[in-house]
Every structure is written in C-alpha cells, then in structure tokens.
2 protein chains.
Amino acid sequence: MPRVTIRDVAARAGVSTATVSRALSGARPVSPEVADQVHRAVQDLGYSGNGIASALRRSRTDTVGMVVPSVANPFFTSLVENVEYALQQAGRQLFLCSSRSDPALEAQRLRSLVARQVDGIVISPVHGTESTEAVAWAAAELPLVQVDRYVSGVPSDWVGVDDEAGMVLVMDHLAARGARSAAFVSSRLTNSSTELRLAGFRRHTERLGIAVDDEHVLLGEYSIDWGREGTARLLRSRRLPDAIVCADDLIALGVVQACSEAGVEVPGDVLVTGFDDIPFSALSAPPLTTVRQPQELIATEAVRLLQRALEPSVVEPARISLSPSLVVRASTGPAPRQAHPGAPVSGTSGRRPR
Amino acid sequence: MPRVTIRDVAARAGVSTATVSRALSGARPVSPEVADQVHRAVQDLGYSGNGIASALRRSRTDTVGMVVPSVANPFFTSLVENVEYALQQAGRQLFLCSSRSDPALEAQRLRSLVARQVDGIVISPVHGTESTEAVAWAAAELPLVQVDRYVSGVPSDWVGVDDEAGMVLVMDHLAARGARSAAFVSSRLTNSSTELRLAGFRRHTERLGIAVDDEHVLLGEYSIDWGREGTARLLRSRRLPDAIVCADDLIALGVVQACSEAGVEVPGDVLVTGFDDIPFSALSAPPLTTVRQPQELIATEAVRLLQRALEPSVVEPARISLSPSLVVRASTGPAPRQAHPGAPVSGTSGRRPR
DNA sequence: GTGAAAGCGCTAACAA
DNA sequence: TTGTTAGCGCTTTCAC
C-alpha cells in the first residue's frame with residue numbers, strides 16, 4: 001500500500017502542505033475551520049506522518065540512545081526503566097542498546113546511534129580504558145552523559161553513586177557485627193565502580209583493623225556463577241573469613257547459594273553483603289544485606305543533565321555523586337524477631353535455633 | 001560544530017557525492033584508487049554518515065521495534081536479549097520500548113515506532129482485547145510478529161510456547177508427586193498466555209481428579225508481591241491445597257517466600273510450581289520446579305518470521321507453538337540427596353530434619 | 001493566516 | 001566506472 005503523505009492530506013483538505021504541517025505540529029496558528037478540515041482529512045486517509053522525514057528536516061529526532069553492558073542484569077534494567085520514564089516525561093523516546101559487556105560491540109552501538117542522529121546518549125561504559133576511545137568520540141559528536149560507571153578523561157557529565165561511601169556503610173556495619181576478617185568477591189578491574197569499590201574495601205578494612213588475606217580478594221565477573229565459583233575458592237583456602245563482601249548482588253546471590261550448598265551457614269558461619277539492592281536480593285535465603293542505589297534519582301539526574309547538554313549554552317561537565325544507603329537484611333544477622341515485607345527472615349535460614 | 005556531510009567528503013576526494021555513496025555502501029563497484037581517496041577523505045574529515053537521510057531516501061531503516069509489557073520481568077529481558085542477538089546477525093538493530101503493561105502506553109509506542117519507520121515490529125501484547133486495535137493497526141502498516149502472548153483476530157505471525165502443554169507437564173508431575181488438590185495463582189485474565197494456562201490447569205486437574213476449591217483460583221498480576229498476597233489468602237482459607245500452581249515464576253517466588261515466612265514448608269506442607277524458568281527461579285529457597293520456555297528458539301523464530309514478512313511475497317500468517325520442558329527442582333521435592341549446580345537444596349529449607 | 005519554494009543529506013535512475 | 005539529476009516527506013523561511 002502506498003503510504004499516505006502530507007501532500008495527500010493537503011490535497012484532501014484543500015490547503016497547502018505547509019498549512020497541514022502547521023495545523024498538526026501547532027508550530028504556528030491556523031484558523032479553526034482549516035484546522036478542522038485538516039484533522040478530518042487526516043482521519044479519512046489514516047495519515048500518520050513520517051518521523052524520518054521530519055527528523056531530517058528539523059535535524060532532531062526527539063530520541064535518546066542508551067547503552068548498557070547488559071539487559072539481563074536487574075540493576076541496569078531498573079536504570080533503563082527509570083531513564084525511559086524520565087525521558088517520556090520530557091517528550092523523548094529511548095533507543096536501547098546492549099553492549100553485552102563487549103567494548104567492540106559497544107563502539108558499534110555508539111556509531112550506530114550517532115548515525116541514527118539521536119539527540120543524545122546515556123551510557124554506562126563497559127570498560128575503564130577500552131571504552132574510552134568510542135565514548136570520547138561519541139561525546140564529541142553529541143551530548144552524552146555517563147551513568148553508574150564512567151571512563152575518565154572524557155569531558156562529559158556523569159551521575160552515579162558514591163561507591164566509596166557505599167563501602168564505608170558496608171564495612172562499618174560488618175565491623176559492628178564483629179567481623180575481624182573479610183574477603184572481597186568482585187569482577188576484574190575493568191571499570192570505575194569496580195575499582196572504587198575495591199579501593200574502598202581496602203581502605204576501610206585497614207582503617208577498621210579487619211584482616212584481609214591476599215588470596216581472599218577474588219576478581220571474576222558480575223554474575224551469579226562467579227559468586228559460586230568465588231565461594232568454592234574461599235572454601236578451599238586455609239580459613240574462611242568472617243565476612244564475604246561482594247561487589248554486586250548477583251555475585252552475593254551466588255555466594256549465598258554456594259554457602260548453603262556447602263553447609264556453611266549465612267550469617268552464622270560467615271556474613272555476606274551485596275551491592276545495588278536488586279529486587280531479588282530480598283528473596284534469597286537468607287535475604288541480602290546490601291547497598292541501595294538511588295536509581296530514580298540517578299535516572300532523573302541523568303535526563304536532566306542531558307537536557308541541559310542539549311541547550312546551546314556550553315557549560316562545564318558535571319559529576320554528580322549520589323549517596324547510597326545500607327539495607328540490612330538477614331545475611332549479616334542477627335535475624336530480627338518479626339518478619340516484614342521486603343526483609344523476611346524467619347524460617348529461611350538453615351540451622352538457626354528457633 | 002557543523003556536521004560534515006557526504007558533499008564535504010566528495011569535494012575533498014574530488015569525486016561526486018554519488019561515487020562517495022557507492023564507495024561507502026558498496027552498492028556498486030568503484031575503482032580502487034577512487035575508493036582509496038574516498039576513505040582517506042572520510043578519515044580526514046571524520047565523516048560518519050547520516051542514517052536519517054539515508055533512511056528517508058531508501059525508505060528503510062534497518063531497525064526493528066520491539067514492545068514488551070515490562071523490562072523488569074526477567075522473562076521478557078531474556079526474550080529481548082535473544083531477539084536483539086538474532087537481529088544483529090541479520091544486520092538489523094533493535095529499538096526497544098516498554099509498554100509498562102498499559103494498553104494506552106502500548107498504543108502510543110506503536111504509533112511512535114510506525115512514525116519512526118521501523119522496518120518491522122516484534123510485540124508481546126499487554127492485553128487480550130484492549131491491545132487489539134493498536135496491534136491490528138500497526139500490523140496493517142508494517143510487518144509485525146507477536147511473541148509469547150497474542151491478541152486474536154489480527155492476521156499476523158505468532159511464536160510462543162504451547163501453554164497447554166506446559167500445564168500438562170506441571171499437572172502430571174504434581175499428580176505423580178501425590179497432589180490430590182491444587183490452587184492456581186495467576187494474573188487477571190488479560191491475555192492469551194494467562195487464559196491458556198488457566199484453561200490447562202482446569203482441564204488437567206479435572207482429568208487427573210485433582211480437587212480445586214473455587215476460592216483457590218486467585219487472579220492478580222504477574223509479580224512477586226501478588227504471589228505473597230495470594231499466599232496470604234490461601235492461608236486464610238479453610239484448608240491449604242497439596243499444591244500451589246503459579247502462572248509465572250515471579251508469582252511462585254512470592255509464594256515460596258510467603259510460605260517460608262508463615263512457617264509453611266515447601267515442599268513438605270505444600271508443593272509449588274512456577275512457569276518460565278527465569279534465572280532466579282533456581283535461587284529461591286527452595287529452588288522452583290518450573291516450565292522452561294525455549295527462549296532462544298522463540299527469538300530466532302520471531303526474527304525469521306519477521307524477515308519473511310519483509311519479503312514482498314505475501315504469505316499466510318504463521319502460528320508457531322513451541323514445546324516447553326519441565327525443570328524439576330526442590331519446590332516439588334523430595335529433595336535430591338546431592339546438591340548440584342542450579343538446583344541446590346540442602347540446608348536451605350526451614351524445619352526439615354537434617 | 002496562508003502558500004510557494006527551497007532545501008535537510010542521501011541514493012537510485014539515467015546518461016555518458 | 002563515474003557524474004548529473006531528481007527526489008524521499010517534511011518544515012520553514014519569505015512573501016503576501
């Protein structure tokens with residue numbers, strides 16, 4: 001079927017295409033009768049406009065591209081949802097891409113987004129150094145804001161959580177729970193969040209006098225499987241630490257599960273903490289103590305920064321570091337007496353006396 | 001910065017814009033020397049092409065739109081990942097939208113995708129009847145394939161799982177485990193999957209002589225919270241059934257959690273099953289017995305159907321119903337002796353003697 | 001308030 | 001093999 005264009009509408013309404021455009025966009029006033037005829041013609045013909053042509057002419061697409069390392073990780077999923085929502089409020093659409101944690105794929109996605117003339121880009125870069133070139137290039141082409149993770153050396157906005165502050169919360173909590181030694185299970189040092197969390201772990205174990213065995217710092221990837229594997233290694237080591245600090249909730253979920261399988265009690269034999277507070281962190285056995293990121297805030301700030309960057313006025317890049325909060329659940333016991341939604345604990349732990 | 005266009009490249013390379021276009025797209029042969037000059041000019045100027053202009057001229061975008069009810073549901077997330085991957089193989093990009101389970105938002109997304117001239121659409125419609133108009137309209141505008149859920153009465157392709165077959169697997173398994181009564185916790189009857197699963201539940205409980213109390217069929221929504229709420233209602237009813245059959249894993253996770261909080265043992269006091277086999281279904285306490293959907297296959301079939309629909313030749317819409325499989329884990333016990341990856345059970349359940 | 005006309009940047013005919 | 005030319009469908013001056 002030949003698509004109906006603005007010319008067809010114009011012909012039917014007995015006006016010029018310019019008038020149709022004005023009537024539909026509301027860019028300029030149009031007499032009521034004419035507006036009426038136009039809308040009737042649109043109805044009759046089933047006209048629906050060509051966004052591509054419009055975009056070419058206006059050189060803007062009202063679309064923002066977002067690139068995340070994974071859509072399977074609930075943390076990014078929530079971020080995406082929140083960004084999409086914030087954008088919608090601002091009358092823009094989200095074009096979502098997954099880089100699958102692959103810098104090469106990420107670079108390709110960025111090229112593709114630039115070619116598609118998105119108005120701006122929101123990205124959580126895969127890698128601290130390997131992502132730099134592509135991100136820098138994209139940032140030079142159009143407004144770009146980094147969220148959560150960032151590559152340094154690129155003059156772009158950034159919004160994320162204060163990872164160091166998060167580790168302070170975790171370590172202080174563990175110290176208060178009596179931990180005298182700790183392990184750290186994380187991903188390889190490939191991005192800013194990871195580095196800052198490890199640095200925070202090291203600094204604050206030291207400050208609090210918590211012992212860290214060299215072979216108790218395990219770097220793999222952000223996944224449940226790696227949490228299981230890391231736990232296996234810890235169990236093989238000389239001595240289990242008092243606490244296992246994980247760089248994200250997926251790892252922590254794997255750790256908790258592997259402990260349970262091995263008959264190691266959490267929190268009885270070892271305390272476990274996560275990071276992110278993904279929805280499922282409340283559902284494991286036991287539920288995870290973790291660091292909550294202010295996702296909605298991160299998303300709205302990201303969109304605000306992007307809007308700002310879309311303005312002609314050139315401003316200094318902003319770096320916004322938001323404060324996380326600690327969510328204490330049963331994985332760092334003692335379990336509260338009373339079960340309550342979101343942090344249920346009674347009856348879920350293995351060998352606790354009841 | 002004024003964006004560099006194909007004309008700049010042409011001028012620098014000393015050829016026509018048509019030649020540049022041909023050299024870059026490879027649509028037609030170009031002499032090696034000229035190709036060289038063009039590529040050099042591209043490098044020098046940092047030319048990166050305007051996909052919008054190209055799309056307008058070619059009237060295709062090499063982009064496919066996908067609309068899902070939720071990006072927070074791991075089931076759809078996996079589907080999205082798989083579709084994105086399959087599309088990438090086919091040289092197309094995915095434009096992802098969430099309808100947030102809202103038919104109005106869904107209609108808006110569809111309009112937007114059509115306006116953006118995507119080449120085709122993959123959709124899992126929110127609602128069995130309220131989505132029909134928008135889906136039918138979009139399907140008339142361009143190639144469209146429905147996945148997982150579908151609205152009937154729209155002549156479009158569909159790929160999904162055989163929900164009825166899934167329920168057969170579940171009910172036969174429960175009967176073999178000795179269940180003589182069962183409850184069903186699902187979402188309100190708003191889409192095809194839900195209806196088929198309920199119908200299957202009814203048919204096969206009857207066939208197997210499993211009792212179903214009227215007040216044991218609970219319809220809410222696909223969420224963990226509804227699983228918790230549904231459980232609360234079941235606990236308030238006269239008598240707990242032998243099994244709680246859930247229409248998806250999120251509900252089942254909520255059920256298992258709520259049972260645990262209430263001191264009801266799974267599978268000791270009640271058997272619980274899910275549907276979908278999302279990654280987290282293996283991590284609950286106890287891990288869920290559930291119905292696995294062949295996600296990769298659904299995705300690749302969806303993309304194949306879409307490609308087919310993009311061909312000029314008109315063919316009959318296809319409806320492809322794929323077979324699910326049953327994944328037996330501890331929530332329908334007896335627990336296996338030996339813990340093994342993906343189905344750990346020892347030491348995770350409340351009051352089991354050990 | 002409305003229309004005529006000029007392109008946005010690119011590619012596909014059509015010639016040469 | 002290469003260049004010239006004509007638009008894709010829309011918006012926006014610039015006149016009136």
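The analysis underlying the following values was restricted to heavy atoms, covering all of them including side chains, and did not include hydrogens, waters or symmetry mates. Each chain gets a letter, A, B and so on, in the order its sequence line appears, and its residues count up from 1.
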Q | Shortest non-hydrogen contact from A/Gln295 toward A/Phe75 | A | NE2-CD1, 3.4 Å
Q) What do you reckon, is CZ of B/Arg308 surrounded by more than 12 foreign heavy atoms closer than 6.0 Å? A) yes
Q) Can you say whether the rings of B/Phe95 and A/Phe95 are parallel (under 30°), tilted (30 to 60°) or perpendicular (over 60°)? A) tilted
Q: To the nearest 0.5 Å, tell me how far B/Asp119 CG sits from B/Gln93 CD.
A: 11.5 Å
Q.
Rounding to an integer number of Å, can you tell me how far B/Gln117 CD sits from D/dC8 C1'?
A. 10 Å
Q.
Counting only side-chain nitrogens and oxygens, does A/Ser21 get under 4.0 Å of the OP1 or OP2 atom of D/dT11?
A. yes
Q: Could you tell me whether the phosphate oxygens of C/dT11, OP1 or OP2, come under 4.0 Å of any side-chain nitrogen or oxygen in B/Ser54?
A: yes
Q) Base, sugar-phosphate, or nothing for A/Ser59, non-hydrogen atoms under 4.0 angstrom? A) nothing
Q) To the nearest Å, how far apart are B/Leu24 CG and C/dA12 C1'? A) 16 Å
Q) For the side chain of B/Thr132 and the backbone of B/Thr129, is there at least one donor-acceptor N/O pair under 3.5 Å apart? A) yes
(Q) Go nucleotide by nucleotide along DNA chain C from the 5' end; which of A/Val30 and A/Thr17 gets its closest nucleotide reached first? (A) A/Val30
Q) Is the shortest side-chain N/O distance from A/Ser16 to OP1 or OP2 of C/dG3 below 4.0 Å? A) yes
Q: Round to the nearest Å and state the distance from B/Arg58 atom CZ to C/dC8 atom P.
A: 21 Å
Q: Rounded off to whole Å, could you give me the CG-to-C1' distance for the A/Asn50 and D/dT11 pair?
A: 13 Å
Q) Given that B/Ala53 and B/Val34 both sit by DNA chain D, which one's nearest nucleotide is further toward the 5' end? A) B/Val34
Q: Answer with base, sugar-phosphate or nothing: what part of the nucleic acid does B/Arg28 contact at a heavy-atom distance below 4.0 Å?
A: nothing
Q: Measure the distance from CZ on B/Arg60 to P on D/dC8 and round it to the nearest whole Å.
A: 19 Å
Q.
How many whole angstroms separate atom CZ of A/Arg7 from atom C1' of C/dA4?
A. 12 Å
Q | Protein-nucleotide distance (A/Leu56, atom CG; C/dT11, atom P), rounded to Å | A | 12 Å
Q. What about B/Arg22: does its side chain form a donor-acceptor pair under 3.5 Å with the base of D/dG3?
A. yes
Q: Take B/Tyr47 and A/Val15, find for each the nucleotide of DNA chain C with the closest heavy atom, and name the residue whose nucleotide sits nearer the 5' end.
A: A/Val15
Q) D/dT12, C/dG1, C/dA12: which one has an atom nearest the side-chain heavy atoms of A/Ala18? A) D/dT12
Q. Below 4.0 angstrom from OP1 or OP2 of C/dG3, is there any side-chain N or O of A/Thr19?
A. yes
Q) Taking atom P of C/dA12 as reference, at what distance in whole Å does atom CD1 of B/Ile6 sit? A) 11 Å
